[in-house]
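Because the structure is a prediction, the values reported are computed rather than measured. Labels below follow one simple rule: chain letters A, B, ... track the order of the sequence lines, proteins then strands, and each chain is numbered from 1.
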Protein chains: 2
Amino acid sequence: MHSPEVLATKYKEQGRRITPQRKLLFTLMHNNESHPTAEGLFEEASKRMPGISLRTVYQTLEELSEMGEIQLMHCDGGAVRFDPNVDEHHHAVCAETGELFDVYVDNIDSLRAQLPDGFEVQNVSIVFHGRVAKSAPRTARSARITTKSPARQQTVRAKSAKRTPRRASRGSNT
Amino acid sequence: MHSPEVLATKYKEQGRRITPQRKLLFTLMHNNESHPTAEGLFEEASKRMPGISLRTVYQTLEELSEMGEIQLMHCDGGAVRFDPNVDEHHHAVCAETGELFDVYVDNIDSLRAQLPDGFEVQNVSIVFHGRVAKSAPRTARSARITTKSPARQQTVRAKSAKRTPRRASRGSNT
DNA sequence: ATGCTTATTTGCAAATAATGCGAACTACAT
DNA sequence: ATGTAGTTCGCATTATTTGCAAATAAGCAT
Ligand SMILES: [Mn+2]
Ligand SMILES: [Mn+2]
Ligand SMILES: [Zn+2]
Ligand SMILES: [Zn+2]
């Protein structure tokens, strides 16, 4: 999704108006990696702008989606989650917390699939179900390593240990 | 999912009772590849048993799920779809008709994914979005090739032509 | 076969998630 | 400042699913 500033321009070009509600929602969605629901975003927005309507949140998310600025995701069957990341990417869901993480997959094209005859694939979506390991409670040391570190290549091996379970003890972030 | 007969046995073993409603639903779900919704299954069932309740359909599907006899799928965000196929498999969705097909993928383990640090994958679900090509209206010849023919290996290549767009003019099924 | 016990079915209310609609409001061009 | 059309917002409504309790019936004991 573009920055709030660029979005403002794009909106005006389309004859749409810049309202405080939209500005706020642009800001809340920009670089938001939490994949929020409408309801969740509404709660965030309400903190900064008490009277805002849930209806407006839905409406703004819908138009951002139509403009190709965000993606929507029907994940587990609950509420739709919105994603400002419109690059080709996939997701990992923690069964415990429901958290949703972005996952990049290099070699989707190498999948060997027995597709129905005559089926033309337009795009593939992959969801990794699992859980975030409670990184061994390091006696309250450097509470750095928590959720995700920038891009660690990994070959998928569902229901079987991956390499060694030991944390990569080298390569902390600065 | 087991056959209606085997299910009956399994049910009794668990102190559950065999009712006409359950028998019917077992039959309707057995080998059902349409991935029906509760509502859809209810309509089918209603044909054979006019007074049956939608509530009973939901209830029976829920218990079959708890017993590991069927799987449920939250696909597009509409109603949940139920799947008597509990083998490890994936799905292809036709964007036009909403039809849902089973897809077997051999080499999921070879996916190279950048997963969040410490994420333990339990299982992966892949959905191929696309459409079923209207197999060139063959001047009403042998109307054989329609939806899916038994297992044709195919390497995925989203948004790019696969091989030559021409129909494989050689190798029809018998 | 009859009756008992309790699992099951069923109708209806209620919870969720999302959308339709129109009146009130306001961004912004003139 | 004024006018106009785009927006916001509250509320009704749809769609899907679950909660609940009364009515019903399966399967066992007699
Ligand atoms: Mn749902
Ligand atoms: Mn929904
Ligand atoms: Zn994402
Ligand atoms: Zn399936």
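- When rounded to the nearest whole Å, the span between CD of B/Glu66 and P of C/dT8 equals 12 Å.
- Two residues are said to be in side-chain contact when any heavy atoms from C-beta on lie closer than 4.5 Å; A/Asn85 and A/His35 fail this criterion.
- Taking 3.5 Å as the limit, the base of D/dG27 and the side chain of B/Arg16 contain no donor-acceptor pair of atoms between them.
- Taking 4.0 angstrom as the limit, A/Thr56 places a side-chain polar atom (N or O) nearer than this to OP1 or OP2 of D/dC9.
- In this structure, A/Gln21 reaches the D/dC9 phosphate: one of its side-chain N or O atoms is under 4.0 Å from OP1 or OP2.
- Residue B/Arg55 places its side chain closer to C/dT10 than to any other of D/dG10, C/dA27, C/dT10.
- Nearest-nucleotide mapping onto DNA chain D: of B/Lys12 and B/Glu62, the residue sitting toward the 5' end is B/Glu62.
- Classified by interplanar angle (parallel below 30°, tilted 30° to 60°, perpendicular above 60°), the ring pair B/His89/B/Tyr104 is tilted.
- The side chain of B/Arg17 lies closest to C/dT6, out of C/dT6, D/dG6, D/dG10.
- No donor-acceptor distance shorter than 3.5 angstrom exists from the side chain of B/Arg131 to the backbone of B/Ala95, with no hydrogens or angles considered.
- Considering CG of B/Leu72 and CZ of B/Phe82, their distance stands at 5.5 Å, rounded to 0.5 Å.
- Within the 4.0 angstrom heavy-atom criterion, only backbone atoms of the sugar-phosphate kind lie near A/Thr19; the bases stay farther away.
- Remark: P of C/dC25 and CD1 of A/Ile18 are 22 Å apart, rounded to the nearest angstrom.
- Between the CG atom of B/Leu61 and the P atom of D/dT16 there is a distance of 15 Å, rounded to whole Å.
- Remark: P of C/dA17 and CD of A/Glu43 are 11 Å apart, rounded to the nearest angstrom.
- Straight-line distance from the CG atom of A/Leu24 to the C1' atom of D/dT7: 15 Å, rounded to whole Å.
- Look at CZ on A/Phe82: it is 11 Å from C1' on C/dA17, rounded to the nearest Å.
- Straight-line distance from the CE atom of B/Met49 to the C1' atom of C/dT8: 13 Å, rounded to whole Å.
- With rounding to whole Å, A/Ile52 atom CD1 is found 17 Å from C/dC25 atom P.
- For A/Arg22 and D/dG6, a side-chain-to-base donor-acceptor distance below 3.5 Å is absent, hydrogens and geometry of angles not being considered.
- With B/Arg17 contributing its side chain and B/Lys12 its backbone, the two residues share no donor-acceptor pair below 3.5 Å.
- Contact annotation for B/Gln59: base contact, defined as any heavy-atom pair under 4.0 Å involving a base atom.
- Nucleic acid contact class of A/Leu54 (heavy atoms, under 4.0 Å, all strands): none.
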